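The next block holds one structure in the form of structure tokens; read it before the comments.
First listed ligand is number 1; within each ligand, the first listed atom is number 1. Remember, predicted model here, so these are calculated numbers, not experimental data. All heavy atoms count here, side chains included; hydrogens, waters and symmetry mates do not.
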Amino acid sequence: MPADSCHLCGGSLDLLDEFSALRRVTSDCRPWPAGGRLGVCRACDTVQKPADSVWQDECRDIYASYAIYQQAAGAEQLVFGPAGAASPRSRRLVEQLSSVHRLPSTGRLLDIGCGNGAFLSAFGAAYPGWRLTGAEVGDTNRAVVEALPGVERFHVGDIGDLTGGFDAIVMIHCLEHIPDPSGFLRRVSGLLAPGGLILIQVPHFQDNAFDLLIADHCTHFSPATLAAAAKAGGLMVETLSPAWVAKELSLVARVGQGPEQPRPPGEGLESARDQIGWLRRMIGAARDLPAPVGIFGTSIAGSWAAAELEGRVAFFLDEDRNRIHRPYLGLPVLAPGDSLPAHSRIVLPMPPGIAGSIAARLPDLDFLMPPG
Ligand SMILES: [Zn+2]
């Protein structure tokens with residue numbers, strides 16, 4: 001495959017030159033230097049980083065020192081509902097899956113990219129009769145995962161070495177890292193029992209521009225391109241929702257030939273350009289603020305903004321009790337009720353809708369709102 005061809009279909013890519021000037025961030029929230037490349041396939045419309053040898057070398061460096069959920073000392077990131085109620089992301093996902101797909105009381109589940117077992121733990125609590133397997137690329141979390149109720153196996157290495165017959169397979173924040181997503185899904189499909197289902201969750205870059213900045217994400221899916229990748233992987237989509245978890249696409253599918261999908265609508269290039277332009281405007285406005293400046297959030301977007309605003313940031317602000325009052329990137333992490341440095345403005349590196357709901361529930365803070 002030539003260097004700049006699509007890693008889904010082999011088509012040629014239109015590159016977005018303006019992306020290379022932006023700093024990046026790793027999927028475990030560490031600042032990463034500028035210099036990446038972003039393109040959109042002319043044939044299948046998928047937004048992507050060319051998965052060339054430079055990108056693969058960078059990923060090797062990133063994963064060699066990967067530290068999942070490091071800011072919260074291993075606790076899973078909370079997702080905040082519209083009213084500010086927080087729940088762990090995995091529990092939300094299990095509830096959504098159960099509300100749409102009736103699962104039997106016993107079965108076997110495989111979690112590919114299980115991390116420290118957050119989803120296995122939430123699923124096991126809801127379905128104690130199931131036997132669970134976690135798969136990962138390294139051994140780091142073996143002891144933690146093997147200690148979870150219901151877990152019968154922690155697998156490291158190629159998924160082809162697993163014995164199949166799983167009633168459910170989940171891939172949460174996994175597919176966007178894989179340079180051949182459809183080929184991988186075909187292999188995963190082969191591990192399903194007849195009638196088994198697969199649950200995929202990936203970031204939704206059209207709802208969250210910051211996903212484009214994650215150095216080790218090589219595919220940035222839209223609903224249309226995720227559905228097309230699933231179909232090319234031999235799967236029939238039953239549910240595809242941008243609303244199960246905010247900023248994420250959640251897909252449930254089974255093995256089979258669905259109806260012919262319409263060709264993705266050719267929105268990729270415009271969407272990616274719009275999102276890159278928005279990121280540049282957002283961080284440009286933040287750069288114009290007088291000191292002292294705070295940043296709301298210590299995840300992907302907050303880490304990226306702190307790096308772009310290098311030296312100008314005095315503190316982070318976070319609502320997640322697992323993250324406050326411990327330093328992050330060398331700066332204090334304060335809670336909204338703490339006394340803040342006088343006259344400080346707080347940058348909200350968030351999609352506009354989420355930023356609006358945060359500002360509405362914290363009216364006493366002086367936020368710089370992101371562009372609309
Ligand atoms: Zn393509």
Side-chain angles (χ1 to χ4, degrees), residues 1-20 22 24 27 35-59 112-113 159 171 173-190 198 200-237 240 242 248-251 253 255-277 279:
M1 197 184 282
D4 285 339
S5 58
C6 172
H7 57 249
L8 286 96
C9 78
S12 58
L13 299 183
D14 287 317
L15 292 173
L16 284 89
D17 295 333
E18 61 270 37
F19 179 76
S20 304
L22 292 171
R24 292 169 291 165
S27 57
R37 299 196 306 151
L38 187 73
V40 183
C41 177
R42 289 180 193 172
C44 77
D45 201 42
T46 306
V47 178
Q48 60 195 279
K49 315 243 172 66
D52 55 12
S53 60
V54 174
W55 178 82
Q56 298 200 8
D57 287 348
E58 285 194 321
C59 287
I112 300 175
I159 58 157
M171 298 176 61
H173 284 210
C174 171
L175 200 61
E176 66 273 23
H177 295 259
I178 293 171
D180 176 18
S182 297
F184 190 77
L185 288 177
R186 274 192 297 277
R187 298 179 64 217
V188 170
S189 305
I198 181 164
I200 297 168
Q201 189 170 75
V202 294
H204 185 194
F205 85 93
Q206 291 167 313
D207 274 358
N208 180 21
F210 300 98
D211 174 55
L212 298 174
L213 301 166
I214 300 177
D216 46 317
H217 286 180
C218 64
T219 313
H220 304 281
F221 292 103
S222 66
T225 60
L226 180 61
K231 183 169 174 55
L235 294 166
M236 192 165 59
V237 177
L240 174 50
E248 317 279 350
L249 290 171
S250 304
L251 177 148
V255 173
Q257 281 290 325
E260 209 44 48
Q261 295 283 334
R263 199 177 127 92
E267 62 192 4
L269 196 57
E270 195 183 340
S271 288
R273 279 214 175 103
D274 284 352
Q275 295 293 56
I276 297 295
L279 287 165

Do Q275 side-chain atoms and R273 backbone N/O form a donor-acceptor pair below 3.5 Å? no
Mind checking salt bridge (charged side-chain N to carboxylate O under 4.0 Å, His left out) for D17 and listing every partner two or more places apart, or none if nothing turns up? none
Residues at least two apart in sequence or cross-chain that pass side chain to side chain donor-acceptor pair (under 3.5 Å) with R186, listed by chain then number, are none
Going by heavy atoms in the side chains, are L185 and L175 under 4.5 Å from each other? yes
Listed protein N/O/S atoms, distance to the Zn ion (ligand 1) under 2.8 Å: C6 SG, C9 SG, C41 SG, C44 SG
If only atom types and distance count, is the side chain of E176 paired as donor or acceptor with the main-chain N or O of P203 below 3.5 Å? no
Any salt bridge (charged side-chain N to carboxylate O under 4.0 Å, His left out) pairs touching residues 203-218, not counting sequence neighbours? none
